[in-house]
Amino acid sequence: MLQIAVTGKPNVGKSSFFNSATSSSVEMANYPFTTIDANKAVAHVISECPCKELNVTCNPRNSICIDGKRLLPVELIDVAGLVPGAHEGKGLGNQFLDDLMQAKVLIHVIDASGSTDAEGQSVEAGSHDPLDDIEFLEDEIVMWMYGILNRNWVRLVRKIEAEKLDIAKVIFDQLSGTGITLEDIIEAKRKVNPDYTKWEKEDFMELIRNILHIAKPMLIVANKADLPTAEENIKRMQEKYPYVIPASAESEIALVKAAESGLIRYTPGDSDFEILEKDKLSDNQLKALEYIRTNILEKYGGTGIQTALNEAIFGLLNMIVVYPVQDEHKYTDQKGNVLPDGILVPKGAVPKELAYLVHSDIGDNFMHAVDARKNMRIAADYELQDKDVISIVTRG
């Protein structure tokens, strides 16, 4: 599963976001990997399932289909709390940065209302600038990576010169275990001074920021968006940063609980809810629901939780969903399951890459692929499209 790291300073609603994202997709007591460990759990991103278009009833194995919506599992990592000096090991700094580097994409939960200071202590709403918190996270990661690269740099430069080594490969080796690829470093290096023997601290910082933006893109969740002091701050965030999602994790939790109790009809990601049992709701509960409807759903089009998950995977990581099958006529696997698996693949992937994602043996024995919709063989360099149904033909 793709991994998303959820981070933020204390008291911004990070845990509320994590809990709402991992419990609201669907109730699945028998679903594997629902709880992975104390700080990891499964959430779901949602995509249109081809079942309605193909007029079939699907039998998902690795995912869930609810009324034509395919819920695909992703792993959320609830990263240890962020504190100033994390790159120096303060607080749970080392654990924080190790957890962060496991993920492909970062969700940074911010208190958009400005009611928590840099340490996460409660202050008067609007008195703290949440934009400082956004820069703070990136600065901590950059300083941590700078410490790794700068530690032995003089010795490494001598070795590179003496042994005619590739500078990108050397940096890659230094950053092993961070999930950063050699290709990420090669791309990031193009934008800095090519003469690495003259790199100063500023050059390192520029290189590291380039690497982070490529290898660990960050989405900002502007939480507590329903509070009066949040609106202006959200506008400022959206003017400065490309991926900012207004959100209210507490509202999502309240709606999901009400839906589970049968009081309302609500599905995560919806822009509204329907009250089913008005006589069972107290005046305070009705007022609370109306407050959520007015200040979150009508204002921002949803609570932001599902939007954030989808944007992280389909937006920042530019993933699509492809459905591999064995029988291109019935859209089934070898056991007769219809559209059994939805696979998240990078946009631009080709059929052989899909084959390896399904199973290494299938990739090793790949011959060609068939577009099941058109019942037509596709070229080896065909770029897979979102919601493609693909039959993979292997040797033997």
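Nothing here was measured: the structure is a model prediction, and the numbers come from that model. Residues take their numbers from the sequence shown, with the count starting at 1.
In this model, a donor atom of one side chain and an acceptor atom of the other lie less than 3.5 Å apart for S115 and D111. Between the side chains of D184 and T181, a donor-acceptor pair is found at a separation under 3.5 Å. No side-chain donor from either of S47 and R70 sits under 3.5 Å from a side-chain acceptor of the other. Residues H213 and E138 bring a donor and an acceptor atom of their side chains to less than 3.5 Å of each other. There is no side-chain donor-acceptor pair under 3.5 Å between Y243 and Q238. A donor atom on one side chain and an acceptor atom on the other are not found under 3.5 Å apart for H108 and D133. One side chain, E252 or T303, offers a donor N or O that lies under 3.5 Å from an acceptor on the other.
Put simply, the side chain of I320 does not reach to within 4.5 Å of the side chain of F314, judged on heavy atoms. D67 has its side chain within reach of K52: a pair of non-hydrogen atoms, C-beta onward, lies under 4.5 Å apart. Residues I107 and T7 form no side-chain contact, since every pair of their non-hydrogen atoms from C-beta on lies 4.5 Å or further apart. The shortest side-chain heavy-atom distance between P340 and P60 does not fall under the 4.5 Å cut-off. Considering only heavy atoms from C-beta on, V12 stays 4.5 Å or farther from N223 through its side chain. A heavy-atom distance below 4.5 Å is found between the side chains of I171 and L207.
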Side chain to side chain contact (heavy atoms under 4.5 Å, CB included) evaluation trace for D341 with D333: CA-CA 9 Å; D341 296 325; D333 62 10; 5.9 Å; no
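Counting only distance, with no hydrogens or angles, the side chain of S271 and the backbone of G301 share no donor-acceptor pair below 3.5 Å. The backbone N or O of G120 lies less than 3.5 Å from a partner atom in the side chain of D117, making a donor-acceptor pair. For K9 (side chain) and T116 (main-chain N/O), a donor-acceptor pair under 3.5 Å exists by modelled atom type. Here the side chain of E353 pairs a donor or acceptor atom with the backbone of V350 at under 3.5 angstrom. Judged by distance alone, the side chain of D270 and the main-chain N or O of Y266 form no donor-acceptor pair under 3.5 Å. Side chain of D327 to main chain of K330: a donor-acceptor pair is present (N/O by atom type, distance under 3.5 Å, no hydrogens or angles). Listed for the E206 side chain is no donor-acceptor partner under 3.5 Å among the backbone atoms of D203. Checked by atom type and distance alone, the side chain of K216 pairs as donor or acceptor with a backbone atom of T178 at under 3.5 Å. At least one donor-acceptor pair under 3.5 Å links the side chain of Y291 to the backbone N or O of D226. Judged by distance alone, with hydrogens and angles left aside, the side-chain atoms of K169 form no donor-acceptor pair with the main-chain N or O of L182 at under 3.5 Å.
With side-chain heavy atoms closer than 4.5 Å counting as contact, directly or through intermediates, Y356 stands alone and belongs to no larger hydrophobic cluster. Hydrophobic side-chain contacts under 4.5 Å tie V370 into a cluster, directly or through other members, with V393.
The aromatic rings of W153 and W199 lie parallel to each other, with less than 30° between the two planes, well short of the 60° mark.
The environment of K299 atom NZ is dense: over 12 non-hydrogen atoms of other residues, nucleotides or ligands sit within 6.0 angstrom. Within 6.0 Å of CG in N55 there are 12 or fewer heavy atoms belonging to other residues, nucleotides or ligands. Residue-environment remark: CD (E274) exceeds the threshold of 12 foreign heavy atoms within 6.0 Å. Shown here is D283, whose CG atom has no more than 12 heavy atoms of other residues, nucleotides or ligands within 6.0 Å.
One finds a salt bridge joining D78 and K14 here, because a Lys/Arg side-chain nitrogen approaches an Asp/Glu carboxylate oxygen to under 4.0 Å. Looking at K104 and E75, no side-chain N of the basic residue comes within less than 4.0 Å of a carboxylate O on the acidic one, giving no salt bridge.
The distance from atom OG1 of T22 to atom NE2 of H44, rounded to the nearest 0.5 Å, is 10.5 Å.
Linking Ile, Leu, Val, Met, Phe, Trp and Tyr whenever their side-chain heavy atoms come within less than 4.5 Å leaves I343 and I64 in two separate clusters.
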List the atom pairs, donor and acceptor, that lie under 3.5 Å between side-chain atoms in residues 379-391 and the rest of the protein, sequence neighbours left out.
from : atom 1 : to   : atom 2 : distance (Å)
Y382 : OH     : D388 : OD2    : 2.8
Q385 : NE2    : E383 : O      : 2.9
D386 : OD1    : V321 : N      : 2.9
D388 : OD2    : Q385 : N      : 2.8
S391 : OG     : Q326 : O      : 3.0

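Cation-pi geometry between R293 and F273 is met: the NZ or CZ atom falls under 6.0 Å from the ring centre, inside 45° of the normal.
Under the side-chain contact (heavy atoms from CB on, under 4.5 Å) rule, I185 has a single partner from I167, N210, I180, which is I180.
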